[in-house]
Amino acid sequence: MAFTQILNDKQNEAVYMTEGPLLILAGAGSGKTRVITNRIAYMIDDGINPYNILAITFTNKAASEMRQRVDDMVGFGSKSIWVSTFHSMCVRILRREIEALDYDSRFTIYDTDDQKTVIKNVVKRMNLDPKFYPEKQILSIISNAKERFVGPEDYKKEAGTSIRDQKIAAIYEAYQEQLKKSNALDFDDLLFKTVELFQFNPDILDRYQERFKYIMVDEYQDTNHIQFLLISQLARKYRNLCVVGDDDQSIYKFRGANIYNILNFEEEYPDAKVIKLEQNYRSTKNILAAANGVIAHNRGRKVKALWADSEEGQKIAFHQYENDHIEAEQTVWQIRKLFQDGYSYRDVAILYRTNAQSRLFEEKLLMANIPYKIVGGLNFYSRKEIKDMISYLKVIDNGSDDLCTRRIINVPKRGIGATSVEKAADFAYGNQMTLMEAFYNVEHIPGISRAAAKIKKFTELIDDFKQEAESGESISTLYQNILEETGYLEELELEGTDEAEARIENLEELKNKIVQYEESAEEPTLSGLLEEIALVADIDTVDDEEDRVLLMTLHSAKGLEFPVVYMAGMEEGIFPSAMAMYSDHPDDDIEEERRLCYVGITRAKKRLFMSAAMQRMTRGNIQANAISRFVKEIPPELMDTAGNAVRRDTVRNTVERPQVKPVFAKPVSRGSKVFSNGGTAYMGSKGAEIKKADHLEYSVGDMVKHIKFGKGEVVDITDKGKDYEVTVDFETHGRRKLFASFAKLKKV
DNA sequence: ATAGCGACGCTTTTT
DNA sequence: GCGTCGCTAT
């Protein structure tokens, strides 16, 4: 085959086996993406209509990359292949078919925040005490049920008989009713409704079975039950199902991923062929050996032996620092050194267990003027101002969304208070109409008099926007008009605070995204834009061309690779998390954490750095954590702890120390008490040394310039021994203390 | 109706 | 340590 890249025997076998069920067990870095793309290319070359191929990936980013690669190889037809995530695929199907389930095809998609609000409203309406029915818990119960394809009626039957259990079942039922009324689907519904659709409409299912004669699913180890059902439905007729995964990389049990989907594939499909890809093309021998050393501590794995032909590479560096600040500072310092040695910033990723850990790294990177990008954490689209504007767009697009109506009715302030809104909501509820419909009938709502005129004005405003949208005005113009005509922008501008300024910047960023969408979409529509916004993950927007350090959780790093990887916070109670250590099934949960560690290690191609802090501030308390067991599971001969006061023998001897249950759940004191997480604290190392400048080109009283903070006056310079600490009064960013060697201040 | 303040809960991980 | 929520005072 002209287009075929050079593949090893196993990879070739996987490429050519296009008929029947096939399980590819692909170890980390074993060239999985290469196999999938080559397989698709081969199928097309072999005469299979690209129209009949469905490939499901984990992220939208992976989907577009795959499409691009197939396109590069085949040159035609890749457009008619369906490459998408589970969720986008379901939306696409439901937009065409959901009327069979008596929904409107213009449904909106609710995110987690929206779900919580609905639950809160439902609980309130049912006169239940929110304290006994916390939305987060209810949400996870509902989500869990939906992932098992258990609807409200079935849940009622399977739930316990206690009052609480029955109430929860009732909340689920009311929640689902509310969503239906708002013509909305939550993330889980996208899958649930698709499976339901196929189950009750064999003719529709048949159409899709005929379409998707060849199905491929990537990251199969992270599929949950309902995804399994969906795939089973589609593949039942032709049985050309190829799943690719690695049981050692299953890290999403918390959202219902069922590792048995992959472990039991051969039982489900007895005629399945199994191909193992065990040669790693990504990492050095040392890194791979470290990964193998860690994962070997798990039981119940498929037998696999990853090996590499690569160079030995450098040892894995481990540092334990005095505290979390020093950890971040030294990591940043090391990255600077790597940069001086010729690495690019984009070669480097800092990985951590929880999003909260990103803050210090961000702070220190900013001080050091190193470009960075944080993936995940507080989502751009969950910021208040962004949600407000999107709510306007949603209400204009589809007025049945009560949540959004509620959100914007008095934003910016129009003098329509909570009491008036509640009266309208009661009226809407009693008359089986949407909140927006109630507003249109405001003269019939009992108890509203003074606010009626204001509500009338609001509905007229929305009508104007609707007309604009229908008149073929571009979405970005509509957006700009909303910002101006509602007075939203003006209100922020008048505030004049830094915070308001940041919000305005975000609103401008949203406009950029809208313009971007209008330029890239074949047929840009308001609904299309809103849909894209709902399903885009943060990782999807990462631009590989940008030269910056990437910061993200270990979960987000799945499927990616970097020349240099830092794994920070390698501490008991952080990683493995305290949640896992003290859960009801600690063995299972620790194994999942260990797989997460395996994922992290195998992201690294050339260099792997690990670090821990002796003391760390968590939720306002200072904790002292022992070094993570995962560090100790790496064979010592692979580790470089030079310059580190931690001795290997000390490290290894602490494995069996009795654990003290930490007081993390309900701290006795809110002060700065030190809680021990078991194990011993060690003398930390100072790590790399900061190069102190011989002299500074500025002195107290001088005006200096900082790349991020702008101009400011030097008010103090202190010799801190290893470096100068410079205090600067910035014109726009206030007084800040900076380290001279990091901040690179320029005299002006 | 709204601004301002204190209490509280939170941190696992995400489509 | 930080953001959200609810209560109170205006």
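We name chains A, B, ... by the order of the sequence lines, and we start the count at 1 in each one.
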Among side-chain atoms of [X] and [Y], is any donor-acceptor pair under 3.5 angstrom?
X      : Y      : answer
A:S182 : A:D401 : no
A:S611 : A:E327 : yes
A:Y517 : A:E532 : no

Is the shortest side-chain N/O distance from [X] to OP1 or OP2 of [N] below 4.0 Å?
X      : N      : value
A:N621 : C:dG1  : no
A:S556 : B:dT14 : yes
A:T419 : B:dA1  : yes
A:K136 : B:dT11 : yes
A:T553 : B:dT14 : yes
A:N224 : B:dT15 : no
A:N60  : B:dT15 : no

Rounded interatomic separation in angstrom, taking [atom1] from [X] and [atom2] from [N]:
X      : N      : atom1 : atom2 : value
A:I416 : B:dT2  : CD1   : P     : 9 Å
A:R603 : B:dT13 : CZ    : P     : 19 Å
A:E147 : B:dT13 : CD    : P     : 17 Å
A:R255 : B:dT14 : CZ    : P     : 9 Å
A:K193 : B:dT15 : NZ    : P     : 23 Å
A:Q623 : B:dT11 : CD    : P     : 15 Å
A:K116 : B:dG9  : NZ    : C1'   : 12 Å
A:D222 : B:dT13 : CG    : C1'   : 11 Å

Which nucleotide, [options], lies nearest any side-chain atom of [X]?
X      : options                : answer
A:M579 : B:dT11, B:dT2, B:dT14  : B:dT11
A:A356 : B:dT14, B:dA1, B:dT11  : B:dT11
A:N355 : B:dT11, B:dT13, B:dT15 : B:dT13
A:F254 : B:dA1, B:dT15, B:dT14  : B:dT14
A:H555 : B:dT2, B:dT14, B:dT15  : B:dT14
A:T85  : B:dT15, B:dT14, B:dT2  : B:dT15
A:A537 : B:dC10, C:dC5, B:dT15  : B:dT15
A:R359 : B:dA3, C:dC2, B:dT13   : C:dC2

Base, sugar-phosphate, or nothing: which does [X] touch, judged by heavy atoms less than 4.0 Å apart?
X      : result
A:D111 : nothing
A:N410 : sugar-phosphate
A:K120 : sugar-phosphate

Subject >> Earlier contact from the 5' end, DNA chain B, for A:G417 and A:D538 >> reply: A:G417
Subject >> A:A534 or A:A418, whichever maps to the more 5' nucleotide of DNA chain B >> reply: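 Its nearest nucleotide being more 5', the pick is A:A418.
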Original post:
Are A:V123 and A:I171 close enough that some pair of their side-chain heavy atoms sits under 4.5 Å apart?
Top reply: yes
Subject >> With A:K456 via salt bridge (charged side-chain N to carboxylate O under 4.0 Å, His left out) - residues at least two apart >> reply: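 For A:K456 the salt bridge (charged side-chain N to carboxylate O under 4.0 Å, His left out) partners, ignoring immediate neighbours, are A:E443.
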**OP:** Pick the C1' atom in C:dT4 and in B:dT13, then give their distance to the nearest Å.
**Re:** 22 Å
**OP:** Evaluate whether the aromatic ring of A:Y252 and the six-membered ring of the B:dT13 base sit under 5.5 Å apart, centre to centre, with an inclination under 30°.
**Re:** no
Subject >> Reference residue A:R407; test salt bridge (Lys or Arg N to Asp or Glu O under 4.0 Å); the match among A:D114, A:D113, A:D388 >> reply: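 The option that passes is A:D388.
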Original post:
Pick one: which of A:R629, A:Q623, A:R616 meets side-chain hydrogen bond (donor to acceptor under 3.5 Å, both in side chains) with A:E571?
Top reply: A:R616
Original post:
Does the ring centre of A:Y252 sit less than 6.0 Å away from the ring centre of A:H555?
Top reply: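 Close enough - the centres of the two rings lie under 6.0 Å apart.
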**OP:** List for me each residue that meets side-chain hydrogen bond (donor to acceptor under 3.5 Å, both in side chains) alongside A:K146, sequence neighbours excluded, and say none if there are none.
**Re:** A:Q176, A:D186, A:D189
Subject >> Intra- and interstrand pairs of DNA chain C - dot-bracket, Watson-Crick/G-U under 3.5 Å, | marks other strand >> reply: ||||||||||
